[in-house]
Amino acid sequence: MAIDLFERIKEDKGPLGKWAKQAEGYYVFPKLEGPISNRMSFNGKKVVTWSINDYLGLANHPEILKVDGEAAAEHGMAYPMGARMMSGHTKFHEQLEQECAEFVEKEAAYLVNFGYQGMVSAIDALVTKNDIIVYDMDTHACIIDGVRLHAGKRFVYKHNDMESFEKNIKRAKRMAEKTGGGILVISEGVFGMRGEQGRLKEIVALKKEYNFRLLVDDAHGFGTLGKDGKGTGVEQGVQDEIDVYFATFAKSMAGIGAFFAGDKDVIQYLQYNMRSQMFAKSLPMAMVKGALKRLDMLRTMPELKAKLWENTNSLQSGLRAAGFDLGTTQTCITPVFLKGEIPEAMAMVNDLRENHGIFCSIVVYPVIPKGLIILRLIPTTTHTQEDIDETITAFSAIRENLENGTYKKIAAAMM
């Protein structure tokens with residue numbers, strides 16, 4: 001006799017869902033209010049915000065608000081109606097694609113409505129059941145979900161471990177010789193949790209030997225790394241060797257949407273085979289015109305990226321001087337590694353937000369191994385030295401409470 005599908009759901013909420021009663025509305029699904037900036041309102045109090053991916057401070061830049069407002073007033077949020085292939089195509093979508101391609105030094109580009117959805121669909125389109133995927137184990141969930149759709153073989157290599165990569169690319173080559181397929185390697189330009197750059201230079205050095213193609217998700221590198229913010233491939237001098245380059249508008253561009261860039265024939269293939277775009281409504285005009293303005297500011301205002309890195313260097317050097325472990329970050333992403341269990345982490349974050357006025361993302365199991373806590377900070381151009389100093393002082397205080405068992409006692413009482 002078949003069981004009721006929802007009985008399992010009622011019994012097993014999942015590794016994060018089981019904490020919903022204690023966490024929802026505060027630790028997960030929190031409500032940050034007010035204009036996006038370095039300080040926002042949370043729970044009725046002003047807090048220094050380190051959880052907003054608005055790297056270049058464009059979200060509430062006066063020039064951006066003007067263009068966004070004018071575009072929305074002229075077009076509303078419905079135009080153009082329909083999918084791009086049918087009735088949702090405009091000259092402004094084409095213009096944005098052309099400018100994105102030129103900016104990241106590729107022949108062509110293709111817009112997608114959402115980065116997550118787009119990456120899942122692109123992986124699905126690029127490979128057949130005879131092809132082999134090789135990917136970094138720490139890649140973003142959108143890549144993991146795209147790989148899960150793959151009907152063929154896939155191999156995962158240890159994070160940024162070139163010995164593991166070469167071991168798995170050899171396995172992929174042997175398998176591809178049997179199936180008659182090809183090999184797609186997937187890495188991130190910047191790994192969003194730990195802030196490390198992908199080993200792109202070392203990976204592309206093996207392309208000729210193993211005859212693979214490379215897809216790079218550069219969501220966090222676009223706008224923050226390379227000349228004028230052109231990304232991790234430019235930063236490492238290997239942009240030409242990236243076969244399919246991906247970036248999102250949701251971080252440095254403070255908007256919605258994303259794009260893939262590469263050789264014209266590859267991009268055209270994606271245009272005609274990515275199901276998530278073929279059957280989805282086109283990106284609204286207000287967002288397209290807003291993205292054009294944001295891209296122009298990336299090109300013409302290098303002071304934005306310079307200020308971002310000034311704040312990043314000040315924050316990271318200050319935390320390291322105070323004895324904090326930031327891992328091996330090589331980017332603006334600033335992870336602070338601490339040891340503790342989930343209940344302790346909840347007590348610590350409560351203290352950080354309520355008593356110190358600091359709001360940052362907390363990362364725990366199952367995203368990272370048990371017993372480890374990451375407090376993840378995203379510096380932006382809008383942060384000030386005062387924000388940085390307050391944060392370092394607060395982190396020193398919470399570390400002491402974590403190490404002396406204060407949070408363990410609080411957590412036990414809460415439970």
Side-chain angles (χ1 to χ4, degrees), residues 15-32 38-52 138 191-196 311-329 332-379 383-415:
L16 289 178
K18 70 180 182 181
W19 298 101
K21 185 177 179 181
Q22 297 95 331
E24 193 164 314
Y26 194 91
Y27 303 101
V28 297
F29 301 103
K31 301 178 185 72
L32 281 169
N38 60 315
R39 295 190 184 230
M40 298 174 68
S41 293
F42 173 71
N43 227 25
K45 299 177 181 179
K46 281 285 186 182
V47 292
V48 181
T49 50
W50 296 102
S51 294
I52 307 297
D138 276 9
F191 288 88
M193 201 58 62
R194 301 173 187 269
E196 299 158 328
N311 286 342
T312 297
N313 291 331
S314 178
L315 175 66
Q316 293 183 356
S317 62
L319 285 166
R320 286 193 172 107
F324 286 98
D325 177 10
L326 307 188
T328 55
T329 181
C332 301
I333 295 168
T334 305
V336 178
F337 292 85
L338 300 166
K339 292 181 180 179
E341 302 300 327
I342 291 177
E344 291 174 90
M346 293 168 69
M348 178 177 65
V349 170
N350 180 270
D351 186 20
L352 196 60
R353 293 176 181 178
E354 297 302 321
N355 300 317
H356 297 281
I358 306 296
F359 188 103
C360 63
S361 296
I362 175 176
V363 185
V364 293
Y365 176 83
V367 181
I368 55 177
K370 288 182 178 181
L372 191 62
I373 302 168
I374 296 179
L375 296 177
R376 180 172 171 264
L377 285 72
I378 303 291
H383 283 105
T384 66
Q385 189 60 46
E386 182 182 2
D387 298 333
I388 293 168
D389 293 340
E390 283 184 24
T391 300
I392 295 170
T393 298
F395 273 40
S396 296
I398 64 165
R399 177 179 56 190
E400 182 178 346
N401 285 338
L402 181 65
E403 292 175 349
N404 67 23
T406 297
Y407 295 137
K408 185 172 286 188
K409 294 175 184 175
I410 293 172
M414 288 169 60
M415 298 301 291

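Position 1 is the first residue of the sequence, and the numbers go up from there.
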**Item:** Min side-chain heavy-atom separation His383-Trp50 under 4.5 Å
**Value:** yes

**Fill in**
Taking every heavy atom of Arg39 against every heavy atom of Thr49, the minimum-distance pair comes out as N-OG1, 3.8 Å

**Prompt:** Is there side-chain contact between Met40 and Phe359, with at least one heavy-atom pair below 4.5 Å?
**Reply:** no

**Prompt:** Given side chains that start at C-beta, do those of Ile333 and Ile378 come closer than 4.5 Å, heavy atoms only?
**Reply:** yes

**Request:** Please tell me if the side chains of Leu377 and Phe395 come closer than 4.5 Å, counting only heavy atoms from C-beta onward.
**Result:** yes

**Prompt:** With a 4.5 Å heavy-atom cut-off, do Thr334 and Leu326 have their side chains touching?
**Reply:** yes

**Request:** Check the surroundings of atom NZ in Lys46: do more than 12 heavy atoms from other residues, nucleotides or ligands lie under 6.0 Å from it?
**Result:** yes

**Message:** Rounded at 0.5 Å granularity, tell me how far CD1 in Ile373 sits from CD in Glu341.
**Reply:** 8.0 Å

**Item:** Nearest heavy-atom neighbours spanning Arg353 and Tyr27
**Value:** NH1-CA, 4.0 Å

**Request:** Could you tell me the separation between the CD atom of Glu403 and the NZ atom of Lys408, rounded to the nearest 0.5 Å?
**Result:** 12.0 Å

**Between Gln385 and Asp389: side-chain donor-acceptor atoms closer than 3.5 Å** = yes

**Item:** Distance in Å, Asn43 CG paired with Lys31 NZ, rounded so as to fall on 0.5 Å steps
**Value:** 9.0 Å

**Fill in**
Output for pair (Met193 CE, Thr329 OG1), nearest 0.5 Å, gives 12.5 Å

**Asked** So, Ser361 side chain and Ser51 main chain: donor-acceptor pair closer than 3.5 Å or not?
**Response** no

**Complete:** Nearest heavy-atom approach of Arg376 to Cys360 is O-CB, 3.7 Å

**Asp387-Thr384 side chain donor-acceptor pair, cut-off 3.5 Å** = yes

**Fill in**
Scanning both residues in full, the closest heavy-atom pair of Val48 with Glu390 reads CG2-OE1, 4.0 Å

**Asked** So, are Glu354 and Lys45 salt-bridged, with charged N and O less than 4.0 Å apart?
**Response** yes

**Prompt:** Roughly how far apart are Gln316 CD and Ile388 CD1, rounded to 0.5 Å?
**Reply:** 10.0 Å

**Message:** Quick one, Ile398 and Leu375 - any side-chain contact, counting heavy atoms below 4.5 Å?
**Reply:** yes

**Message:** If you apply the rule side-chain contact (heavy atoms from CB on, under 4.5 Å), what do you find for Tyr26 with Asn350, and how did you get there?
**Reply:** CA-CA 9 Å; Tyr26 194 91; Asn350 180 270; 3.4 Å; yes

**Request:** Of all the heavy-atom pairs spanning Pro379 and Cys332, show the shortest one and how long it is.
**Result:** CD-O, 3.1 Å

**Asked** Looking only at heavy atoms, which two atoms of Asn401 and Asp351 are closest? And how far apart?
**Response** ND2-OD2, 3.4 Å

**Asked** Between Asp138 and Arg194, is any pair of side-chain heavy atoms under 4.5 Å apart?
**Response** yes

**Prompt:** Rounded to the nearest 0.5 Å, how far does CG of Asn404 lie from CZ of Arg399?
**Reply:** 12.0 Å

**Prompt:** Are Pro343 and Tyr407 side-chain neighbours, meaning at least one heavy-atom pair lies under 4.5 Å?
**Reply:** no

